[in-house]
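Just below is one structure, and these are the notes that go with it.
As a basis for the values below, the full set of heavy atoms in this structure was taken, side chains included, without hydrogen atoms, waters or symmetry mates. Positions are given from 1, in the same order as the sequence printed here. Just so it is clear, the structure is predicted and the values come from calculations on it, not from any experiment.
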Amino acid sequence: MKNVQLIISIIFGILTVLGLLAFAGILPRPESKTTRLAGRLTMWGTEDRTVMEKFFQQWLTKNYPDVHVSYTQKNPATYANGIIEALAAGEGPDMIILPNELVVRFADKVEPFTPEIYSERQLRDTFLQIGEIFVEPGKDILALPFSTDPMVMYWNRNIFSSNKLVEPPKYWDEFLAIAPTLTKKSEAKDILRSGIAFGEFSNVTHAKDILAMLMLQTGNSLVLRQSTGKYLPVFQGKADKKNPPANEAFRFYTDFADPLNSVYSWNRSLAESKDAFLAGDLAVYFGFASELAELREKNPNLNFDVAVVPQVRDTTNKTTFGRVTGLAVLKTSLKKPLAFFVTQTVSSPEYNQQISATLKTPSPVRAVLAKGTPDPFMKVFYDSAIISKTWLDIRPEKTNEIFKKAVDTIISGKETVSGAVGWVQQDFTVLTE
(Lines give C-alpha, C1' and ligand atoms only; values in the text may rest on other atoms or scores of the structure.)
Protein backbone atom coordinates (compact mmCIF):
# COMPACT_ATOMS: atom_id res chain seq x y z
CA MET A 1 0.00 0.00 0.00
CA LYS A 2 2.82 2.36 0.85
CA ASN A 3 4.42 1.73 -2.55
CA VAL A 4 1.13 2.38 -4.37
CA GLN A 5 0.59 5.61 -2.46
CA LEU A 6 4.13 6.67 -3.27
CA ILE A 7 3.64 6.02 -6.99
CA ILE A 8 0.35 7.96 -7.06
CA SER A 9 1.95 10.88 -5.22
CA ILE A 10 4.84 10.98 -7.73
CA ILE A 11 2.45 10.90 -10.74
CA PHE A 12 0.26 13.60 -9.23
CA GLY A 13 3.33 15.73 -8.53
CA ILE A 14 4.60 15.37 -12.10
CA LEU A 15 1.19 16.33 -13.55
CA THR A 16 1.04 19.35 -11.26
CA VAL A 17 4.48 20.54 -12.34
CA LEU A 18 3.62 20.04 -16.02
CA GLY A 19 0.39 21.96 -15.54
CA LEU A 20 2.22 24.87 -13.95
CA LEU A 21 4.82 24.91 -16.73
CA ALA A 22 2.06 24.91 -19.39
CA PHE A 23 0.21 27.70 -17.58
CA ALA A 24 3.43 29.73 -17.47
CA GLY A 25 3.89 29.25 -21.20
CA ILE A 26 7.06 27.21 -20.82
CA LEU A 27 5.36 24.11 -22.21
CA PRO A 28 2.59 24.05 -24.87
CA ARG A 29 -0.94 23.52 -23.61
CA PRO A 30 -2.84 20.41 -24.71
CA GLU A 31 -5.21 20.90 -27.67
CA SER A 32 -8.91 21.34 -26.93
CA LYS A 33 -11.27 18.51 -27.74
CA THR A 34 -12.99 20.94 -30.12
CA THR A 35 -11.57 20.70 -33.63
CA ARG A 36 -9.49 23.74 -34.39
CA LEU A 37 -10.84 25.85 -37.26
CA ALA A 38 -8.41 25.58 -40.11
CA GLY A 39 -8.45 25.18 -43.84
CA ARG A 40 -8.59 26.89 -47.22
CA LEU A 41 -11.76 27.76 -49.07
CA THR A 42 -12.37 29.05 -52.57
CA MET A 43 -15.04 31.64 -53.35
CA TRP A 44 -16.29 33.11 -56.64
CA GLY A 45 -18.19 36.32 -57.15
CA THR A 46 -18.48 39.45 -59.26
CA GLU A 47 -17.39 41.87 -56.54
CA ASP A 48 -14.06 43.65 -56.94
CA ARG A 49 -11.17 41.28 -56.16
CA THR A 50 -9.06 43.92 -54.38
CA VAL A 51 -11.95 44.85 -52.10
CA MET A 52 -12.78 41.27 -51.20
CA GLU A 53 -9.18 40.17 -50.62
CA LYS A 54 -8.57 43.18 -48.40
CA PHE A 55 -11.65 42.33 -46.35
CA PHE A 56 -10.69 38.69 -45.85
CA GLN A 57 -7.11 39.54 -44.92
CA GLN A 58 -7.94 42.36 -42.51
CA TRP A 59 -10.92 40.78 -40.80
CA LEU A 60 -11.42 37.06 -41.25
CA THR A 61 -7.79 35.88 -41.29
CA LYS A 62 -6.90 38.37 -38.56
CA ASN A 63 -9.32 36.69 -36.13
CA TYR A 64 -9.00 33.17 -37.56
CA PRO A 65 -5.36 32.90 -38.72
CA ASP A 66 -5.73 29.30 -39.86
CA VAL A 67 -8.74 30.03 -42.09
CA HIS A 68 -7.99 31.32 -45.57
CA VAL A 69 -10.44 32.27 -48.33
CA SER A 70 -9.17 32.51 -51.88
CA TYR A 71 -11.48 34.84 -53.82
CA THR A 72 -11.81 34.94 -57.63
CA GLN A 73 -13.57 37.81 -59.39
CA LYS A 74 -15.69 36.75 -62.37
CA ASN A 75 -17.25 38.61 -65.28
CA PRO A 76 -20.97 39.24 -64.53
CA ALA A 77 -21.90 38.42 -68.14
CA THR A 78 -20.46 34.89 -67.92
CA TYR A 79 -20.71 34.31 -64.17
CA ALA A 80 -23.63 31.86 -64.09
CA ASN A 81 -22.51 29.74 -67.03
CA GLY A 82 -18.94 29.74 -65.72
CA ILE A 83 -20.03 28.22 -62.41
CA ILE A 84 -22.17 25.58 -64.11
CA GLU A 85 -19.34 24.60 -66.45
CA ALA A 86 -16.89 24.40 -63.53
CA LEU A 87 -19.27 22.20 -61.55
CA ALA A 88 -19.67 19.88 -64.52
CA ALA A 89 -15.89 19.56 -64.73
CA GLY A 90 -15.57 19.00 -60.98
CA GLU A 91 -13.65 22.24 -60.52
CA GLY A 92 -16.17 24.51 -58.84
CA PRO A 93 -15.46 26.66 -55.75
CA ASP A 94 -16.60 25.95 -52.21
CA MET A 95 -18.70 29.13 -51.98
CA ILE A 96 -20.27 31.67 -54.31
CA ILE A 97 -21.77 35.12 -54.00
CA LEU A 98 -25.31 34.45 -55.20
CA PRO A 99 -27.19 37.42 -56.73
CA ASN A 100 -30.98 37.52 -56.42
CA GLU A 101 -31.54 37.00 -60.16
CA LEU A 102 -29.79 33.61 -59.98
CA VAL A 103 -31.72 32.21 -57.00
CA VAL A 104 -34.06 30.15 -59.20
CA ARG A 105 -31.29 28.85 -61.45
CA PHE A 106 -28.99 27.78 -58.61
CA ALA A 107 -31.55 26.53 -56.07
CA ASP A 108 -30.59 22.91 -56.77
CA LYS A 109 -26.83 23.56 -56.82
CA VAL A 110 -26.28 25.01 -53.35
CA GLU A 111 -26.19 23.23 -50.01
CA PRO A 112 -29.01 24.79 -47.96
CA PHE A 113 -28.74 25.94 -44.37
CA THR A 114 -30.89 23.55 -42.36
CA PRO A 115 -32.70 24.89 -39.26
CA GLU A 116 -30.00 23.29 -37.09
CA ILE A 117 -27.36 25.45 -38.78
CA TYR A 118 -29.36 28.63 -39.38
CA SER A 119 -33.13 28.98 -38.98
CA GLU A 120 -35.60 31.12 -40.90
CA ARG A 121 -36.42 32.88 -37.64
CA GLN A 122 -32.77 33.92 -37.31
CA LEU A 123 -32.73 35.21 -40.88
CA ARG A 124 -35.90 37.26 -40.42
CA ASP A 125 -34.63 38.76 -37.16
CA THR A 126 -31.16 39.53 -38.51
CA PHE A 127 -31.66 40.70 -42.09
CA LEU A 128 -33.88 43.06 -44.08
CA GLN A 129 -37.02 41.73 -45.74
CA ILE A 130 -35.34 41.63 -49.16
CA GLY A 131 -33.08 38.87 -47.81
CA GLU A 132 -36.05 36.49 -47.61
CA ILE A 133 -35.62 35.88 -51.35
CA PHE A 134 -33.15 33.18 -50.26
CA VAL A 135 -35.76 31.29 -48.20
CA GLU A 136 -37.64 28.44 -49.84
CA PRO A 137 -41.21 28.14 -48.46
CA GLY A 138 -41.39 25.23 -46.08
CA LYS A 139 -37.79 24.34 -46.83
CA ASP A 140 -34.34 25.60 -45.95
CA ILE A 141 -32.25 28.72 -46.56
CA LEU A 142 -30.27 28.82 -49.80
CA ALA A 143 -27.89 31.63 -48.80
CA LEU A 144 -27.28 34.25 -46.12
CA PRO A 145 -27.65 37.90 -47.26
CA PHE A 146 -24.32 39.54 -48.00
CA SER A 147 -25.00 42.93 -49.64
CA THR A 148 -27.88 45.11 -50.83
CA ASP A 149 -28.05 47.69 -53.58
CA PRO A 150 -31.36 49.62 -53.68
CA MET A 151 -32.66 51.63 -56.62
CA VAL A 152 -32.69 55.37 -55.90
CA MET A 153 -33.48 58.56 -57.78
CA TYR A 154 -30.53 60.76 -58.74
CA TRP A 155 -31.69 64.27 -59.64
CA ASN A 156 -30.00 67.22 -61.32
CA ARG A 157 -30.09 70.16 -58.90
CA ASN A 158 -29.40 72.76 -61.60
CA ILE A 159 -32.33 71.66 -63.76
CA PHE A 160 -34.71 71.66 -60.82
CA SER A 161 -33.62 75.03 -59.45
CA SER A 162 -33.69 76.67 -62.88
CA ASN A 163 -37.34 75.64 -63.12
CA LYS A 164 -38.08 76.97 -59.61
CA LEU A 165 -38.54 73.48 -58.20
CA VAL A 166 -37.10 73.28 -54.70
CA GLU A 167 -37.15 69.51 -54.19
CA PRO A 168 -37.62 66.27 -56.12
CA PRO A 169 -41.08 64.66 -56.19
CA LYS A 170 -42.03 62.26 -53.43
CA TYR A 171 -45.04 60.81 -55.27
CA TRP A 172 -45.63 59.74 -58.86
CA ASP A 173 -48.59 62.08 -59.32
CA GLU A 174 -46.25 64.97 -58.51
CA PHE A 175 -43.94 63.69 -61.22
CA LEU A 176 -46.75 63.79 -63.75
CA ALA A 177 -47.31 67.44 -62.87
CA ILE A 178 -43.69 68.57 -63.23
CA ALA A 179 -42.57 66.33 -66.11
CA PRO A 180 -43.68 68.83 -68.80
CA THR A 181 -41.76 71.58 -66.99
CA LEU A 182 -38.56 69.58 -66.72
CA THR A 183 -38.67 68.48 -70.35
CA LYS A 184 -37.43 71.00 -72.91
CA LYS A 185 -38.48 70.70 -76.56
CA SER A 186 -37.64 72.52 -79.78
CA GLU A 187 -40.23 74.22 -81.97
CA ALA A 188 -40.30 71.03 -84.01
CA LYS A 189 -41.18 69.12 -80.81
CA ASP A 190 -37.79 67.42 -80.66
CA ILE A 191 -36.68 66.61 -77.11
CA LEU A 192 -33.67 68.74 -76.17
CA ARG A 193 -33.70 67.92 -72.47
CA SER A 194 -35.70 65.22 -70.78
CA GLY A 195 -37.41 65.23 -67.42
CA ILE A 196 -37.52 61.45 -67.04
CA ALA A 197 -36.25 58.52 -69.10
CA PHE A 198 -39.32 56.27 -69.07
CA GLY A 199 -41.26 54.77 -71.96
CA GLU A 200 -38.67 53.09 -74.14
CA PHE A 201 -36.67 49.99 -73.27
CA SER A 202 -33.51 49.79 -75.39
CA ASN A 203 -32.00 53.11 -74.29
CA VAL A 204 -33.28 53.21 -70.71
CA THR A 205 -30.67 51.94 -68.27
CA HIS A 206 -32.23 49.38 -65.88
CA ALA A 207 -35.54 49.39 -67.81
CA LYS A 208 -36.57 45.94 -66.55
CA ASP A 209 -35.73 46.84 -62.96
CA ILE A 210 -37.72 50.09 -63.21
CA LEU A 211 -40.77 48.21 -64.49
CA ALA A 212 -40.35 45.66 -61.70
CA MET A 213 -40.18 48.50 -59.18
CA LEU A 214 -43.44 50.02 -60.48
CA MET A 215 -45.17 46.65 -60.25
CA LEU A 216 -43.81 45.92 -56.77
CA GLN A 217 -45.07 49.33 -55.63
CA THR A 218 -48.60 48.33 -56.65
CA GLY A 219 -48.35 45.13 -54.65
CA ASN A 220 -47.66 42.81 -57.59
CA SER A 221 -45.15 40.10 -56.66
CA LEU A 222 -44.51 39.25 -60.36
CA VAL A 223 -43.64 35.60 -59.63
CA LEU A 224 -44.62 33.50 -56.61
CA ARG A 225 -42.75 30.47 -55.33
CA GLN A 226 -45.21 27.78 -54.29
CA SER A 227 -44.69 25.18 -51.58
CA THR A 228 -44.60 22.53 -54.31
CA GLY A 229 -41.43 24.13 -55.69
CA LYS A 230 -43.14 25.46 -58.81
CA TYR A 231 -43.19 29.14 -59.82
CA LEU A 232 -46.39 31.03 -60.58
CA PRO A 233 -46.43 34.26 -62.68
CA VAL A 234 -49.07 36.70 -61.39
CA PHE A 235 -49.04 39.62 -63.86
CA GLN A 236 -52.74 39.46 -64.63
CA GLY A 237 -53.77 39.36 -61.00
CA LYS A 238 -57.12 37.91 -59.99
CA ALA A 239 -59.48 36.79 -62.72
CA ASP A 240 -62.23 39.15 -61.50
CA LYS A 241 -59.98 42.22 -61.46
CA LYS A 242 -60.49 44.41 -64.53
CA ASN A 243 -57.31 46.43 -64.18
CA PRO A 244 -54.44 44.36 -62.71
CA PRO A 245 -51.54 46.27 -61.07
CA ALA A 246 -49.17 45.19 -63.87
CA ASN A 247 -51.40 46.97 -66.39
CA GLU A 248 -51.10 50.20 -64.44
CA ALA A 249 -47.32 49.88 -64.24
CA PHE A 250 -46.85 49.32 -67.98
CA ARG A 251 -49.32 52.09 -68.86
CA PHE A 252 -47.64 54.60 -66.57
CA TYR A 253 -44.20 53.70 -67.89
CA THR A 254 -45.06 53.84 -71.61
CA ASP A 255 -47.02 57.12 -71.36
CA PHE A 256 -43.71 58.98 -71.25
CA ALA A 257 -42.88 57.75 -74.77
CA ASP A 258 -46.22 58.80 -76.26
CA PRO A 259 -45.82 62.04 -78.34
CA LEU A 260 -49.52 62.78 -77.86
CA ASN A 261 -49.29 62.64 -74.07
CA SER A 262 -48.53 65.76 -72.04
CA VAL A 263 -45.78 63.91 -70.13
CA TYR A 264 -43.94 62.87 -73.31
CA SER A 265 -40.24 63.12 -72.49
CA TRP A 266 -38.35 60.20 -74.03
CA ASN A 267 -37.85 58.37 -77.32
CA ARG A 268 -35.46 55.84 -78.81
CA SER A 269 -33.45 58.43 -80.73
CA LEU A 270 -31.99 59.79 -77.49
CA ALA A 271 -28.78 58.63 -75.82
CA GLU A 272 -28.65 55.96 -73.13
CA SER A 273 -30.37 57.40 -70.05
CA LYS A 274 -27.28 57.18 -67.82
CA ASP A 275 -25.18 58.99 -70.44
CA ALA A 276 -27.89 61.64 -70.82
CA PHE A 277 -27.90 62.25 -67.08
CA LEU A 278 -24.11 62.52 -66.98
CA ALA A 279 -24.26 65.05 -69.84
CA GLY A 280 -26.79 67.18 -67.95
CA ASP A 281 -29.57 66.43 -70.44
CA LEU A 282 -31.76 64.37 -68.09
CA ALA A 283 -33.37 65.74 -64.92
CA VAL A 284 -33.66 62.45 -63.03
CA TYR A 285 -31.95 59.12 -63.38
CA PHE A 286 -33.14 55.94 -61.72
CA GLY A 287 -30.06 53.95 -60.80
CA PHE A 288 -28.54 52.00 -57.93
CA ALA A 289 -26.69 53.09 -54.82
CA SER A 290 -23.55 51.39 -56.11
CA GLU A 291 -23.43 53.81 -59.07
CA LEU A 292 -22.68 56.90 -56.97
CA ALA A 293 -18.89 56.66 -57.28
CA GLU A 294 -19.13 56.10 -61.03
CA LEU A 295 -21.35 59.14 -61.56
CA ARG A 296 -18.98 61.33 -59.55
CA GLU A 297 -15.93 60.01 -61.37
CA LYS A 298 -17.32 60.39 -64.89
CA ASN A 299 -18.57 63.95 -64.34
CA PRO A 300 -17.10 65.65 -61.24
CA ASN A 301 -18.87 68.90 -62.21
CA LEU A 302 -22.36 67.40 -62.31
CA ASN A 303 -24.47 69.05 -59.61
CA PHE A 304 -26.74 66.24 -58.44
CA ASP A 305 -28.29 64.79 -55.33
CA VAL A 306 -30.11 61.59 -54.45
CA ALA A 307 -33.58 60.79 -53.09
CA VAL A 308 -35.80 57.83 -52.35
CA VAL A 309 -37.76 56.89 -55.49
CA PRO A 310 -41.28 58.39 -55.73
CA GLN A 311 -44.10 56.36 -54.24
CA VAL A 312 -47.76 55.74 -54.97
CA ARG A 313 -49.74 58.29 -52.96
CA ASP A 314 -52.00 57.15 -50.13
CA THR A 315 -50.37 53.75 -49.78
CA THR A 316 -48.55 52.17 -46.87
CA ASN A 317 -46.64 49.93 -49.27
CA LYS A 318 -43.52 52.07 -49.60
CA THR A 319 -41.22 50.19 -51.93
CA THR A 320 -38.23 50.42 -54.20
CA PHE A 321 -36.58 47.72 -56.23
CA GLY A 322 -33.37 46.35 -54.81
CA ARG A 323 -30.61 43.96 -55.62
CA VAL A 324 -29.36 41.58 -52.96
CA THR A 325 -26.59 39.01 -52.89
CA GLY A 326 -26.13 36.08 -50.57
CA LEU A 327 -23.28 33.81 -49.55
CA ALA A 328 -24.00 30.23 -50.60
CA VAL A 329 -22.17 26.94 -50.11
CA LEU A 330 -22.10 24.68 -53.16
CA LYS A 331 -23.17 21.05 -52.84
CA THR A 332 -19.92 19.94 -54.46
CA SER A 333 -17.75 21.49 -51.72
CA LEU A 334 -15.70 19.02 -49.72
CA LYS A 335 -15.37 21.51 -46.85
CA LYS A 336 -18.99 22.29 -46.05
CA PRO A 337 -18.64 22.65 -42.22
CA LEU A 338 -15.88 25.24 -42.60
CA ALA A 339 -17.75 26.96 -45.45
CA PHE A 340 -20.90 27.24 -43.34
CA PHE A 341 -18.87 28.70 -40.49
CA VAL A 342 -17.25 31.33 -42.73
CA THR A 343 -20.61 32.23 -44.27
CA GLN A 344 -22.23 32.79 -40.89
CA THR A 345 -19.24 34.73 -39.61
CA VAL A 346 -19.07 37.08 -42.60
CA SER A 347 -22.84 37.64 -42.40
CA SER A 348 -22.73 38.68 -38.74
CA PRO A 349 -23.22 42.40 -37.90
CA GLU A 350 -19.57 43.01 -36.96
CA TYR A 351 -18.17 41.64 -40.20
CA ASN A 352 -20.96 42.74 -42.53
CA GLN A 353 -20.63 46.32 -41.36
CA GLN A 354 -17.04 46.29 -42.57
CA ILE A 355 -17.79 44.77 -45.97
CA SER A 356 -20.66 47.23 -46.42
CA ALA A 357 -18.36 50.16 -45.72
CA THR A 358 -15.81 48.75 -48.17
CA LEU A 359 -18.36 48.17 -50.94
CA LYS A 360 -20.05 51.53 -50.18
CA THR A 361 -23.51 50.00 -50.30
CA PRO A 362 -26.03 49.51 -47.46
CA SER A 363 -25.74 46.45 -45.28
CA PRO A 364 -28.62 43.93 -45.30
CA VAL A 365 -28.18 43.52 -41.53
CA ARG A 366 -30.85 45.32 -39.49
CA ALA A 367 -28.52 46.04 -36.56
CA VAL A 368 -26.03 47.80 -38.85
CA LEU A 369 -28.66 50.06 -40.44
CA ALA A 370 -30.14 50.84 -37.03
CA LYS A 371 -26.90 52.65 -36.11
CA GLY A 372 -27.54 55.23 -38.84
CA THR A 373 -24.96 57.20 -40.77
CA PRO A 374 -23.84 60.86 -40.95
CA ASP A 375 -23.25 60.62 -44.73
CA PRO A 376 -26.15 62.40 -46.53
CA PHE A 377 -26.05 60.12 -49.56
CA MET A 378 -25.68 56.94 -47.52
CA LYS A 379 -28.65 58.06 -45.38
CA VAL A 380 -30.88 57.87 -48.47
CA PHE A 381 -29.33 54.52 -49.38
CA TYR A 382 -30.10 53.19 -45.89
CA ASP A 383 -33.72 54.36 -46.09
CA SER A 384 -34.07 52.85 -49.56
CA ALA A 385 -32.55 49.53 -48.52
CA ILE A 386 -35.09 49.18 -45.71
CA ILE A 387 -38.03 49.41 -48.16
CA SER A 388 -36.38 47.51 -51.03
CA LYS A 389 -37.90 44.38 -52.51
CA THR A 390 -36.97 42.07 -55.32
CA TRP A 391 -38.55 39.19 -57.22
CA LEU A 392 -37.85 35.67 -58.43
CA ASP A 393 -36.40 36.22 -61.88
CA ILE A 394 -36.81 32.84 -63.57
CA ARG A 395 -34.35 33.34 -66.43
CA PRO A 396 -32.94 36.90 -66.50
CA GLU A 397 -31.95 37.02 -70.16
CA LYS A 398 -35.34 35.65 -71.30
CA THR A 399 -37.44 37.83 -68.99
CA ASN A 400 -35.56 40.88 -70.25
CA GLU A 401 -36.63 40.00 -73.80
CA ILE A 402 -40.23 39.49 -72.67
CA PHE A 403 -40.41 42.89 -70.97
CA LYS A 404 -38.79 44.56 -73.97
CA LYS A 405 -41.28 42.99 -76.35
CA ALA A 406 -44.18 44.17 -74.19
CA VAL A 407 -42.93 47.77 -74.07
CA ASP A 408 -42.12 47.89 -77.79
CA THR A 409 -45.53 46.56 -78.83
CA ILE A 410 -47.32 49.07 -76.58
CA ILE A 411 -45.48 52.19 -77.76
CA SER A 412 -45.71 51.08 -81.40
CA GLY A 413 -49.48 50.69 -81.09
CA LYS A 414 -49.37 47.04 -82.12
CA GLU A 415 -50.86 45.93 -78.83
CA THR A 416 -52.91 47.37 -76.00
CA VAL A 417 -51.48 47.50 -72.50
CA SER A 418 -53.85 44.74 -71.41
CA GLY A 419 -52.93 42.61 -74.41
CA ALA A 420 -49.18 43.11 -73.84
CA VAL A 421 -49.46 42.14 -70.17
CA GLY A 422 -51.39 39.06 -71.25
CA TRP A 423 -48.48 38.05 -73.47
CA VAL A 424 -46.08 38.66 -70.55
CA GLN A 425 -48.16 36.30 -68.41
CA GLN A 426 -48.15 33.62 -71.11
CA ASP A 427 -44.44 33.91 -71.88
CA PHE A 428 -43.54 33.71 -68.20
CA THR A 429 -45.77 30.68 -67.77
CA VAL A 430 -43.87 28.91 -70.54
CA LEU A 431 -40.58 29.63 -68.74
CA THR A 432 -41.86 28.04 -65.54
CA GLU A 433 -43.07 24.83 -67.16
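- Here the side chain of Glu111 pairs no donor or acceptor atom with the backbone of Leu330 at under 3.5 angstrom.
- For the pair Arg313 and Tyr171, the cation sits on the ring face: its NZ or CZ lies under 6.0 Å from the ring centre, inside 45° of the axis.
- Applying the side-chain contact (heavy atoms from CB on, under 4.5 Å) rule to Thr205 yields the partners Glu272, Ser273, Lys274, Tyr285; only residues at least two apart in sequence or on another chain are considered.
- With sequence neighbours left out, Glu120 forms a salt bridge (Lys or Arg N to Asp or Glu O under 4.0 Å) with Arg124.
- Looking only at atom types and distance, the side chain of Thr373 has no donor-acceptor partner in the side chain of Asp375 under 3.5 Å away.
- Qualifying salt bridge (Lys or Arg N to Asp or Glu O under 4.0 Å) partners for Glu397, counting only residues two or more places apart in sequence or in other chains: Arg395.
- No side-chain heavy atom of Val421 sits less than 4.5 Å from a side-chain heavy atom of Ser418.
- Nearest heavy atom pair, residue Trp266 against residue Ala271, reads CZ2-O, 3.1 Å.
- Although no hydrogens or angles enter the test, the distance criterion places a donor-acceptor pair under 3.5 Å between the side chain of Gln311 and the main chain of Val309.
- Side-chain atoms of His206 and Glu291 form a donor-acceptor pair, as typed in the model, at a separation below 3.5 Å.
- The side-chain contact (heavy atoms from CB on, under 4.5 Å) search around Arg296 returns Leu292, Phe304, Phe377, not counting sequence neighbours.
- Using cut-offs of 30° and 60° on the angle between ring planes, the pair Phe198 and Phe256 is perpendicular.
- Applying the side-chain contact (heavy atoms from CB on, under 4.5 Å) criterion to Lys54, with sequence neighbours excluded, gives Gln58.
- Looking only at distances, no side-chain donor or acceptor of Trp391 sits under 3.5 Å from a matching main-chain atom of Ser221.
- Of all non-hydrogen atoms in Tyr118 and Thr126, the two that sit nearest each other are OH-OG1, 3.5 Å.
- Heavy-atom minimum distance, Phe277 versus Asn156: CE1-N, 3.8 Å.
- For Leu192, the CG atom counts as densely surrounded, since its 6.0 Å shell holds more than 12 non-hydrogen atoms of other residues, nucleotides or ligands.
- Here the rule is side chain to side chain contact (heavy atoms under 4.5 Å, CB included) with Thr254, and of Asn261, Leu211, Ile411 only Ile411 fits it.
- The closest donor-acceptor contact from the side chain of Ser194 to the backbone of Thr183 lies at 3.5 Å or more, if one exists at all.
- Listed by first and then second residue, the salt bridge (charged side-chain N to carboxylate O under 4.0 Å, His left out) pairs involving residues 328-355 amount to none (not counting sequence neighbours).
- In summary, the side chains of Thr390 and Asn100 do present a donor paired with an acceptor at a separation below 3.5 Å, with no hydrogens or angles considered.
- By the side-chain hydrogen bond (donor to acceptor under 3.5 Å, both in side chains) test, Glu167 is found to be paired with Lys170, residues two or more places apart in sequence or in another chain being considered.
- In this structure, Tyr154 and Phe381 have perpendicular ring planes: the angle between them is above 60°, well past the 30° mark.
- The backbone N or O of Asn158 sits less than 3.5 Å from a side-chain atom of Ser161, completing a donor-acceptor pair.
- Between Leu87 and Lys109, some side-chain heavy-atom pair lies under the 4.5 Å cut-off.
- A donor atom on one side chain and an acceptor atom on the other are not found under 3.5 Å apart for Lys184 and Asn163.
- A donor-acceptor contact shorter than 3.5 Å links the side chain of Asn203 to the backbone of Leu270.
- No side-chain heavy atom of Val346 sits under 4.5 Å from any side-chain heavy atom of Asn352.
- We find that Arg193 and Asp281 are not joined by a salt bridge, their nearest charged nitrogen and carboxylate oxygen being 4.0 Å or further apart.
- Residues that satisfy the side-chain contact (heavy atoms from CB on, under 4.5 Å) test with Thr72, not counting sequence neighbours, are Trp44, Lys74.
- Remark: Lys208 pairs with Asp393, Thr399 by the side-chain hydrogen bond (donor to acceptor under 3.5 Å, both in side chains) rule, at least two apart or across chains.
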Exercise. Give the intermediate values and the outcome of side chain to side chain contact (heavy atoms under 4.5 Å, CB included) for residues Val329 and Val110.
Key: CA-CA 6 Å; Val329 178; Val110 303; over 6 Å; no

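- Side chain of Asp149 to backbone of Ser290: a donor-acceptor contact under 3.5 angstrom is found.
- Thr42 and Ser70 are not linked by any side-chain donor-acceptor pair at a separation below 3.5 angstrom, with hydrogens and angles left out of the test.
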Quiz item: When you look at Met95 and Leu41, which way does the side chain to side chain contact (heavy atoms under 4.5 Å, CB included) test go after all the steps?
Solution: CA-CA 8 Å; Met95 306 161 62; Leu41 296 170; 3.9 Å; yes

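- Atom NZ of Lys398 is surrounded by 12 or fewer heavy atoms from other residues, nucleotides or ligands within 6.0 Å.
- Closest approach of Ala143 and Phe134 over heavy atoms only: O-CB, 3.4 Å.
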Quiz prompt | Residue pair Thr114, Asp140: steps toward the side chain to side chain donor-acceptor pair (under 3.5 Å) verdict | solution = CA-CA 5 Å; Thr114 61; Asp140 301 319; 5.9 Å; no

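- Taking the six-membered ring where the residue is Trp, Phe321 and Phe288 present perpendicular rings, their angle passing 60° and hence far from 30°.
- Shortest non-hydrogen contact noted between Met153 and Val308 is CE-O, 4.3 Å.
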Self-check item: CA sep, side-chain torsions, deciding dist, call: Phe113, Phe340, ring pair (Phe, Tyr, Trp, His ring centres under 6.0 Å)
Solution: CA-CA 8 Å; Phe113 291 79; Phe340 278 129; 4.8 Å; yes

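- The salt bridge (Lys or Arg N to Asp or Glu O under 4.0 Å) test applied to Glu136 returns no partner, not counting sequence neighbours.
- More than 12 heavy atoms of other shown residues, nucleotides or ligands fall within 6.0 angstrom of atom CH2 in Trp172.
- Applying the salt bridge (charged side-chain N to carboxylate O under 4.0 Å, His left out) test to pairs two or more places apart or on separate chains, those with a residue in residues 420-433 are Lys405-Asp427.
- Proximity of a side-chain donor or acceptor of Thr325 to a complementary backbone N or O of Leu98 within less than 3.5 Å is not detected.
- Judged purely by atom type and a 3.5 angstrom limit, Gln129 has no side-chain atom pairing as donor or acceptor with the backbone of Ser388.
- Under a 4.0 Å N-O distance rule, the pair Glu401/Lys404 does not qualify as a salt bridge.
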Quiz item: Given Tyr71 and Asp48, is the side chain to side chain donor-acceptor pair (under 3.5 Å) satisfied, shown in steps?
Solution: CA-CA 10 Å; Tyr71 177 81; Asp48 182 79; over 6 Å; no

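- Closest non-hydrogen pair, Ala406 versus Phe250, comes out as CB-CE2, 3.8 Å.
- Scanning for side-chain hydrogen bond (donor to acceptor under 3.5 Å, both in side chains) contacts around Gln353 gives Lys371, with sequence neighbours left out.
- Salt-bridge formation is detected for the pair Asp209/Arg323: a Lys NZ or Arg NE/NH1/NH2 atom is positioned less than 4.0 Å from an Asp or Glu carboxylate oxygen.
- In this structure, Lys389 and Ile133 have side chains that are not in contact, with every pair of non-hydrogen atoms separated by 4.5 Å or more.
- Counting only distance, with no hydrogens or angles, the side chain of Gln217 and the backbone of Thr319 share a donor-acceptor pair below 3.5 Å.
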